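One-based numbering, in listed order, for ligands and for the atoms of each. All of these numbers come straight from a predicted model, not from anything done at the bench.
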Amino acid sequence: MQAIRASVLHCLADPGEAGRKDAWEYFDDGMLLVDGGRIVDAGDAGRLLGALPANARVRDLRGKLIVPGFIDCHVHFPQLDIIGSYGEQLLDWLSRYAYPAESRFADAGHAREVAQSFVTELLRNGTTTALVFGTVHPHSADAIFEAAEARGMRLIAGKVLMDRNCPEDLRDDPDSAYADSRALIERWHGRGRLGYAITPRFALTSSEAQLEAAGRLAREFPDVWVHTHLAENLEEVEAIARQYPDSRSYLDVYDRFGLLREKSVFAHCLHMDAEDRSTMAAKGGAAAFCPTSNLFLGSGLFRLTAMRDAGVRCGLGTDVGGGTSLSMLRTASEAYKVLHLQEHALPPMQALYLATLGAAEALYLEDKIGNFRPGREADFVVLDYAGSSLTARRTAAAEGIEEKLFALMTLGDDRNVTSTWVAGVEQVV
Ligand SMILES: [Zn+2]
């Protein structure tokens with residue numbers, strides 16, 4: 001058994017806009033007990049030290065803060081090398097930057113190299129689980145799964161489906177999309193901690209025949225995820241309305257093809273009405289809130305309060321390369337600003353929830369990850385208040401864990417990650 005002594009913080013529920021204090025637990029002189037890759041207990045060091053078994057190894061990290069491993073609900077690993085590309089909104093950004101980068105993934109060796117770097121970057125930022133887009137090439141999914149498996153990570157990914165409105169060399173077709181996805185599901189879904197996501201890029205780049213094939217897969221494999229984009233950009237929403245004139249809304253397009261169900265995760269969800277929100281909640285779909293991407297691409301503001309009030313499961317996503325950072329601390333900071341612009345609040349504990357337990361709920365993994373209840377998988381991150389000289393000064397002047405956490409989110413990044421642990425194993429990054 002391992003016993004790690006540090007401050008320990010985790011969420012038990014959504015603290016909401018009021019930052020409810022009964023929704024999270026904090027142990028200033030705390031301890032996390034880990035055995036066999038799982039959480040045994042989390043609590044006050046004084047209580048747990050007295051009952052430690054004789055063979056327990058105690059690691060003293062006092063002064064640091066342990067939180068559950070961050071969960072990124074939406075990210076594209078093939079876009080790592082075009083993060084921070086200048087000057088376009090969604091549709092032009094895809095053509096100018098994303099598609100050329102994804103074309104390079106025809107080379108399986110390139111895919112493997114980027115996948116290794118991507119997984120290392122996730123861990124460097126304290127992210128232990130992610131829902132990941134590949135490219136249209138089936139070997140892109142193999143590459144990210146192999147990289148995650150080598151680390152023992154709980155990671156979900158899929159090969160992209162797209163057969164229209166995109167470059168010729170990035171197209172599959174309805175039959176190959178079905179056959180390749182099916183083969184990947186059979187190879188990877190449920191292998192160790194890995195999971196598969198059926199991944200149509202968005203309704204604009206899939207024919208109706210392909211969306212039908214995706215829906216058929218979703219019915220045949222109810223346990224796999226569905227991962228796509230929804231209502232990110234106004235020009236995109238207008239194009240969808242022209243392409244699918246019989247659908248009530250963009251969400252309705254996915255719903256008609258059987259792609260709105262439990263374990264369906266939709267990135268962005270910016271331009272939706274109340275009926276869409278209640279439909280999404282009723283059918284168990286989830287939203288990935290990607291603030292750095294939404295601001296960077298000029299897409300719009302996510303209505304977190306309305307989504308949560310409607311009962312939609314929500315988690316944070318980085319959406320790299322449209323997003324500008326793999327750090328969930330940086331992402332939480334931008335989420336705060338997005339809420340502020342809409343005259344709402346995002347208390348630090350709710351931001352932590354969206355990056356951990358809330359994200360686990362969005363992925364239907366809350367019985368496995370997201371907090372430190374006994375029996376959960378031991379994915380966690382050790383944060384360092386003194387990761388930069390400025391965070392050291394600011395957190396030293398802070399009163400209480402909420403103020404300290406907010407300062408870490410506002411000023412911190414990967415410099416504030418001391419170590420990242422996957423299933424109880426400290427990762428070398
Ligand atoms: Zn995306």
Engineer: For the pair Phe118 and Phe77, name the ring-plane relationship: parallel under 30°, tilted 30 to 60°, perpendicular over 60°.
Structural biologist: tilted

Engineer: Give me the number of protein N, O or S atoms whose distance to the Zn ion (ligand 1) is under 2.8 Å.
Structural biologist: 4

Engineer: Which residues pass the side-chain hydrogen bond (donor to acceptor under 3.5 Å, both in side chains) test with Thr318, not counting sequence neighbours?
Structural biologist: Asp72

Engineer: Taking the six-membered ring where the residue is Trp, are the ring centres of Tyr244 and Tyr250 under 6.0 Å apart?
Structural biologist: no

Engineer: So which pairs with a foot in residues 296-305 pass side-chain hydrogen bond (donor to acceptor under 3.5 Å, both in side chains), sequence neighbours left out?
Structural biologist: Thr305-His344

Engineer: What about the rings of His76 and His229, do their centers lie closer together than 6.0 Å?
Structural biologist: yes

Engineer: Using the test salt bridge (charged side-chain N to carboxylate O under 4.0 Å, His left out), find all partners of Glu208 that sit at least two apart in sequence or belong to another chain.
Structural biologist: none

